[in-house]
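Quick notes on the structure that follows.
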Amino acid sequence: MVVTLAMASLGTGCGAPRSRSNPPRIALVMKSLANEFFVTMAEGAKAHQAANSQAYTLVVNGIRNESDLSQQVALVEQMMAQGTDAIVIAPADSRALVPVLVKAMRQHIVVVNIDNKLDEPTLAASGINVPFVGPDNRAGARMVGAALAKRLRRGDKVAILEGIPTAFNAQQRRLGFEDAMKEAGAEIVAVQSAHWEQDEANTVSAAMLREHPDLAAILASNDNMALGAAAAVRQAGKTGQVLVVGFDNIAAVHQLIQDGRVLATADQHADRLAVFGIEYALKIVRGETKPADMQTPVDLIAANR
Amino acid sequence: MKTSALSQYIGLAAVLVLLVTLFSLSSEHFFSRVTFTTLANQIPALTVIAVGTTLVLIAGGIDLSVGSVMALSAALLALGRVDWQLPLPVAIALALGVGLATGLLNGFITVKWTIPSFIVTLGMLEIARGAAYLATGSRAVFVGAAMGDLGVPLPGVGVSPAFVLAATIVAGGQVLLSKTVLGRYILAVGANAEAARLSGIDPHRVLVSVFAISGCLAGLGGVFQLAYLESADPNAGIGLELSAIAAVVIGGTSLMGGRGSVVSSFLGVVIIAVLQAGLAQVGATEPTKRIVTGSVIVAAVILDTYRQSVGKRRMRSVIE
């Protein structure tokens with residue numbers, strides 16, 4: 001109780017022009033909660049709030065489809081209307097969400113950007129600065145690609161399965177894979193999108209395997225697509241001959257990693273990602289820190305052998 | 001009737017040959033045994049779902065829930081094998097049972113309150129998807145080899161038991177439609193429900209039957225999908241109902257009901273699958289894939305209306 005009071009005094013002490021709730025109310029606005037990654041993020045956040053119920057209250061909301069921008073804009077507006085102190089958001093689009101976040105910041109609501117980084121030029125043009133708390137997807141993908149590169153020879157042919165091409169994450173991971181393959185001297189013979197989907201990744205991978213009979217590896221921008229690629233490799237009778245890597249470290253790939261059918265993946269600690277954002281937002285609300293970008297860890301996951 | 005069906009098969013086969021030729025010219029690796037066996041092993045789920053969709057459309061209804069029901073069935077099957085340790089036949093029965101139950105519910109609600117099936121199955125699309133998320137916690141479930149050999153190519157043949165089963169169901173569906181009493185009732189109800197009722201057919205029972213068949217086949221689609229991909233994705237099959245409808249309409253089945261063929265729907269499925277595989281293999285860009293797929297669907301249907309009008313004229317000249 002004393003702690004809470006102390007925090008409240010800090011909050012008002014820094015001269016916030018708007019009265020803060022006590023304890024602060026934080027809104028976590030996510031992408032699709034039908035997506036495993038965001039479910040893990042949301043669960044991590046809820047567990048953190050339950051353990052710190054004195055420190056803040058939490059409302060978690062997600063949208064129906066990853067591409068449902070207008071619904072996410074509406075969610076931010078609802079959160080503003082409810083007297084939220086801070087919005088921690090994983091934007092469904094790097095540009096489209098900026099205007100509504102500008103409105104929120106004008107109302108002195110603290111905004112913290114997680115997961116998918118808002119577009120720098122758009123932010124600059126709007127004259128605001130939103131701190132980004134999240135992993136470097138490009139570096140993560142480069143790390144996964146480097147783990148794969150140890151098993152490749154120069155000139156080996158590889159293919160990339162891209163996520164939804166307009167998504168910032170998808171672009172960053174593709175760039176990271178390309179960086180690593182360039183360093184390894186591997187030849188990227190195909191890059192196609194499978195929209196983060198297992199079934200489509202299977203169809204596309206099967207086609208890539210037929211078109212490039214000497215393909216050495218498939219780099220999938222998420223594990224869901226890695227599952228589809230691994231199934232295609234098995235169906236083509238090329239297990240062990242064509243290596244597969246993924247990204248996200250979802251539970252369903254653990255067995256495949258043990259079996260060597262997926263060589264490596266990256267863990268962005270989804271369960272802690274939203275928590276990092278929330279803790280950071282709380283610090284800003286209390287006036288303990290000035291908003292700045294903060295990088296969160298990405299770890300390489302590969303079989304112990 | 002016989003010659004008209006034959007000319008339709010020939011028309012669809014011509015489209016297929018055209019597509020295969022184009023892709024073979026664009027990629028030296030397309031025209032190979034591996035391409036065709038892989039294709040055969042990719043399509044069982046869409047094939048059986050298209051059989052169900054064909055029957056529903058002919059009866060004058062529509063089933064939008066098949067993609068979600070497929071995902072739900074696959075999810076329960078995966079959980080049944082991995083978490084609940086059910087024997088394979090029991091788990092498969094569960095998947096088919098869930099599909100059947102959703103289909104019966106679709107049919108029952110549609111006839112009981114005379115609500116358009118578009119709305120009822122749209123509701124089921126949401127409910128089944130939600131149930132799939134709930135059951136899996138929105139997480140993919142990996143089953144590995146726990147599904148047996150259903151999706152594994154038969155040695156020497158190259159196609160999987162799932163494909164053989166799906167092809168059998170296509171044949172069975174065609175026999176049901178053109179040789180059985182239920183088939184004639186389905187055609188009659190779809191052509192004119194009121195006239196069918198006056199001639200002593202109970203349209204309600206016919207509708208409930210086709211929705212039950214469609215639901216059960218969506219469940220079977222889930223079984224095939226899981227056997228092939230080795231993991232159940234709760235987001236699987238989003239938009240699959242539209243692929244199924246596209247395949248069925250390419251096959252010449254009327255969206256207005258009363259007319260259609262199961263075998264032609266199967267050819268429609270193959271056309272869509274060849275298109276997807278071919279475009280991926282030649283490395284087509286995303287916009288190209290979408291524009292070409294859309295154009296082929298519309299062109300195939302235009303071709304079909306042309307073929308029909310020729311058929312009608314011929315019929316008229318025979319009558320006169």
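Below, read A as the first sequence line, B as the second, and so on, with proteins coming before strands; counting in each chain starts at 1.
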- Between B:Ser68 and B:Ser65: side-chain donor-acceptor atoms closer than 3.5 Å: no

- Item | Under 4.5 Å from any heavy atom of chain B - which part of A:Thr40 | both

- Decide, yes or no, whether a salt bridge links B:Arg290 with B:Glu286 under the criterion of side-chain N to carboxylate O below 4.0 Å. yes

- Query: When you look at CG of B:Asp83, are more than 12 heavy atoms from neighbouring residues, nucleotides or ligands closer to it than 6.0 Å?
  - Reply: yes

- When B:Ser138, B:Ala284, B:Ser27 are compared by non-hydrogen pairs under 4.5 Å with chain A, the top option: B:Ser138

- Message: For A:Ala190, which atoms come within 4.5 Å of any heavy atom of chain B: side chain, backbone, both, or neither?
- Response: neither

- Query: Relative to chain A, which segment of B:Ala132 carries a heavy atom at a distance below 4.5 Å: side chain, backbone, both, or neither?
  - Reply: neither

- Task: Tell me, for B:Val82 versus chain A, whether the close heavy atoms (under 4.5 Å) come from the side chain, the backbone, both or neither.
- Result: neither

- Message: Just so I understand: if I count every heavy-atom pair under 4.5 Å between each of A:Ala231, A:Ala230, A:Ala236 and chain B, which residue has the most?
- Response: A:Ala231

- Task: Sort A:Asn35 into side chain, backbone, both or neither according to what part of it lies under 4.5 angstrom from a heavy atom of chain B.
- Result: backbone

- Query: Does one side chain, of B:Ser32 or B:Thr35, offer a donor that lies under 3.5 Å from an acceptor on the other?
  - Reply: yes

- Task: Please test A:Glu200 against A:His195 for side chain to side chain donor-acceptor pair (under 3.5 Å), starting from the C-alpha separation and ending with a verdict.
- Result: CA-CA 8 Å; A:Glu200 193 177 347; A:His195 304 98; 3.0 Å; yes

- Query: Counting heavy atoms not belonging to A:Lys238, are there more than 12 under 6.0 Å from its NZ?
  - Reply: yes

- Task: Specify whether B:Phe36 and B:Phe31 have parallel, tilted or perpendicular ring planes, treating 30° as the upper limit for parallel and 60° as the lower limit for perpendicular.
- Result: perpendicular

- Task: Would you mind checking which part of B:Ala277 comes under 4.5 Å of any heavy atom in chain A, side chain (CB onward), backbone (N, CA, C, O), both or neither?
- Result: both

- What's the verdict on side chain to side chain donor-acceptor pair (under 3.5 Å) for A:Gln268 and A:Asp248, showing C-alpha distance, side-chain angles and the deciding distance? CA-CA 6 Å; A:Gln268 317 180 59; A:Asp248 281 347; 3.1 Å; yes

- Could you look at A:His254 and say if it's the side chain, the backbone, both or neither that has a heavy atom under 4.5 Å from chain B? neither

- One option among A:Val204, A:Val253, A:Asn202 has the most heavy-atom pairs under 4.5 Å with chain B, and it is A:Asn202

- Task: Specify whether B:Phe266 and B:Phe163 have parallel, tilted or perpendicular ring planes, treating 30° as the upper limit for parallel and 60° as the lower limit for perpendicular.
- Result: tilted

- Query: For A:Leu33, is it the side chain, the backbone, both, or neither that has a heavy atom closer than 4.5 Å to a heavy atom of chain B?
  - Reply: backbone

- Region of A:Gln198 in contact with chain B, defined by heavy-atom distances below 4.5 Å: both

- Note on the structure: Turns out that what part of B:Asn235 lies under 4.5 Å from chain A's heavy atoms comes down to side chain

- Top contributor to chain B interface from A:Met208, A:Arg261, A:His212, A:Glu197 [non-hydrogen pairs under 4.5 Å]: A:Arg261

- Got more than 12 heavy atoms from elsewhere within 6.0 Å of CZ, A:Arg95? no

- Task: Against chain A, work out which of B:Gln42, B:Gln281, B:Lys289 has the most heavy-atom pairs shorter than 4.5 Å and name it.
- Result: B:Gln281

